[in-house]
Amino acid sequence: MAEDESSYLRWAREAMGIRVHPAVRIASSESEEGGRGLFVVGTSVSPSNEELVSVPLDAVLSIASPIQAETPAEVRAARILADVTSRHLRREDDALALRVLYERHERRERSR
């Protein structure tokens with residue numbers, strides 16, 4: 001596993017409480033489409049009997065996740081985000097994209 005991938009998994013374990021089976025690796029796909037994903041390496045695990053990845057609910061970002069706001073600027077931005085999401089966005093992926101922008105650009109280092 002490349003260093004950036006092992007660093008990411010280490011961060012996910014420590015900061016988010018995510019559990020990942022040792023047989024799971026982040027890798028590039030061997031398929032024609034390419035891409036990246038989680039793959040089980042070797043045959044040391046039976047997916048029907050063992051947990052491969054566990055993500056705590058509070059580590060998941062979804063449109064249903066509570067909006068965190070600690071500063072006055074975050075409170076204002078969170079109100080706007082909630083209004084735009086509820087009144088103007090019809091697609092869940094658009095709402096989630098807007099939420100990611102809020103976390104990335106408004107919450108910055110306070111975002112999980």
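Numbering starts at 1 and runs along the sequence shown.
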Atom pair OH (Y102) and CD1 (I80), whose distance is rounded to the nearest 0.5 Å = 10.5 Å
Hey, are the side chains of V20 and L52 touching, using non-hydrogen atoms and a 4.5 Å cut-off?
-> no
Is a side-chain donor or acceptor of T85 paired with a backbone partner of A82 at a separation under 3.5 angstrom?
-> no
Who are the side chain to side chain donor-acceptor pair (under 3.5 Å) partners of R90, not counting sequence neighbours?
-> none
For R104, which residues count as a side chain to side chain donor-acceptor pair (under 3.5 Å) partner, sequence neighbours excluded?
-> none
Check whether any side-chain heavy atom of L9 lies under 4.5 Å from a side-chain heavy atom of I18, and answer yes or no.
-> no
How far does CD of Q68 sit from CD of E106, to the nearest 0.5 angstrom?
-> 13.5 Å
Treat each ILVMFWY residue as a node, draw an edge where side-chain heavy atoms are under 4.5 Å apart, and state whether V55 and Y8 are in one component.
-> yes
Do you know which two heavy atoms are closest between A78 and A69, and how far apart they sit?
-> CB-CB, 4.1 Å
In terms of hydrophobic clustering (I, L, V, M, F, W, Y; side-chain heavy atoms under 4.5 Å; direct or indirect links), are V60 and L98 co-clustered?
-> no
Under the salt bridge (Lys or Arg N to Asp or Glu O under 4.0 Å) rule, collect the residues that match up with R79, sequence neighbours excluded.
-> none
So, do E70 and R107 sit near enough that their side-chain heavy atoms are less than 4.5 Å apart?
-> yes
Nearest-0.5 Å distance that lies between atom CG in L96 and atom CG in L101 | 10.0 Å
Same cluster (ILVMFWY, side-chain, under 4.5 Å), V53 and W11 | yes
Side chain proximity check, E51 to R19, heavy atoms < 4.5 angstrom | yes
Side-chain heavy-atom pair I67, R99 within 4.5 angstrom cut-off = yes
